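The structure presented is a predicted model; accordingly, all values stated were derived computationally and were not measured.
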Amino acid sequence: QVQLVESGGGLVQAGGSLRLSCAASGRTFSRYTMGWFRQAPGKEREFVAGITRSGTSTYYGDSVKGRFAISRDNAKNTVYLQMNSLSREDTAVFYCAASTTSLGVIPTRAIQYDYWGQGTQVTVSS
């Protein structure tokens with residue numbers, strides 16, 4: 001099992017950038033596919049980005065392709081989300097999640113992730 005703690009959220013101006021971090025505790029971080037989700041008020045939790053255990057493959061939701069980049073450093077038990085060209089539509093609580101799903105297609109549904117962080121608020125001002 002793994003515990004996840006997000007950080008780096010806050011207020012940012014539209015067009016700006018923000019980098020989120022997710023620190024994982026545990027001895028088996030590299031065994032998990034990692035993902036970022038976000039949830040705005042009144043909306044379903046939305047898949048943002050995922051990365052395989054080795055960090056060699058990534059996948060992004062349509063709404064963030066070309067703007068966001070997920071990465072991980074297994075030696076530091078940390079996964080990152082670099083967010084560029086932010087707009088008000090990106091305002092949401094962002095969650096880090098870990099999945100035990102077998103190696104292959106990166107899961108995109110929340111139900112496929114087993115462990116979740118508490119979330120960090122990202123607010124983009126116009």
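Residues Ala24 and Phe29 share a closest heavy-atom pair of CB-CD1, 3.4 Å. Here the closest heavy-atom approach between residue Ser99 and residue Thr101 is recorded as OG-OG1, 2.7 Å. Of all the heavy atoms in Gly10 and Leu18, the pair that sits closest is N-CD2, 4.1 Å. The two atoms that bring Ala40 and Ala92 nearest to each other are N-CB, 3.9 Å, heavy atoms only. Taking both residues in full, the closest heavy atoms of Pro107 and Thr33 are given as CD-CG2, 3.9 Å, listed atom of the first, atom of the second, then distance. The heavy-atom pair separating Asn74 from Ser30 by the smallest distance is ND2-CB, 3.7 Å.
In this structure, Tyr60 and Arg67 have side chains that are not in contact, with every pair of non-hydrogen atoms separated by 4.5 Å or more. Contact check for Thr91 versus Val122: no side-chain heavy atoms found under the 4.5 Å cut-off. A heavy-atom distance below 4.5 Å is found between the side chains of Trp36 and Cys22. Proximity of Val48 to Phe68: side-chain heavy atoms (C-beta onward) are separated by under 4.5 Å at one or more points. Inter-residue side-chain proximity for Gln82 and Ser71 is flagged as unmet; no heavy-atom pair is nearer than 4.5 Å. Contact annotation: the side chain of Thr120 approaches that of Leu20 to within less than 4.5 Å [non-hydrogen atoms, C-beta and beyond]. Within the 4.5 Å cutoff, no side-chain heavy atoms of Gln118 are placed close to those of Tyr95. Inter-residue side-chain proximity for Val79 and Cys96 is flagged as met; some heavy-atom pair is nearer than 4.5 Å.
For the atom pair OG of Ser21 and CZ of Arg72, the computed distance is 13.5 Å after rounding to the nearest 0.5 Å. Remark: Asp90 CG to Thr123 OG1 distance equals 11.0 Å, nearest 0.5 Å. The structure places CG of Asn77 at 11.0 Å from CD of Gln3, a figure rounded to the nearest 0.5 Å.
Linking Ile, Leu, Val, Met, Phe, Trp and Tyr residues whenever their side-chain heavy atoms come within less than 4.5 Å places Val12 and Val64 in a single cluster. Hydrophobic clustering places Val2 together with Leu81 (ILVMFWY residues linked when any side-chain heavy atoms are closer than 4.5 Å, directly or through intermediates). Criterion: ILVMFWY side-chain heavy atoms under 4.5 Å apart, direct or through other members. Under it, Trp116 and Tyr80 are not part of a common hydrophobic cluster.
Taking the ring axis of Tyr32 as reference, the NZ or CZ atom of Arg53 does not stay both within 45° of it and closer than 6.0 Å to the ring centre. Note that Arg38 lies outside the cation-pi zone of Phe47, set by a 6.0 Å cut-off to the ring centre and a 45° limit from the axis.
For the residue pair Gln13 / Ser125, no side-chain donor-acceptor distance below 3.5 Å is found, with atom types taken as modelled. For the 3.5 Å distance criterion, the side chains of Asp73 and Thr78 fail to qualify, holding no donor opposite an acceptor.
Within the 3.5 Å criterion, the main-chain N or O of Ile51 finds no donor-acceptor partner in the side chain of Thr58. At distances below 3.5 Å, at least one donor-acceptor pair connects side-chain atoms of Glu6 with backbone N or O atoms of Gly119. Asp114 contributes a side-chain N or O that, together with a main-chain N or O of Thr100, makes up a donor-acceptor pair within less than 3.5 Å.
Within a 6.0 Å sphere centred on CD of Gln1, heavy atoms belonging to other residues, nucleotides or ligands number 12 at most. Around OH of Tyr59, the count of heavy atoms belonging to other residues, nucleotides or ligands within 6.0 Å does not exceed 12. Counting non-hydrogen atoms of neighbouring residues, nucleotides and ligands closer than 6.0 angstrom, the NZ atom of Lys43 reaches no more than 12 such neighbours.
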Is there a side chain to side chain donor-acceptor pair (under 3.5 Å) between Ser63 and Glu46 once you walk through the steps? CA-CA 10 Å; Ser63 63; Glu46 175 189 23; 3.1 Å; yes
Check against side chain to side chain contact (heavy atoms under 4.5 Å, CB included), Phe94 and Met83: CA-CA 11 Å; Phe94 281 71; Met83 305 184 293; 3.7 Å; yes
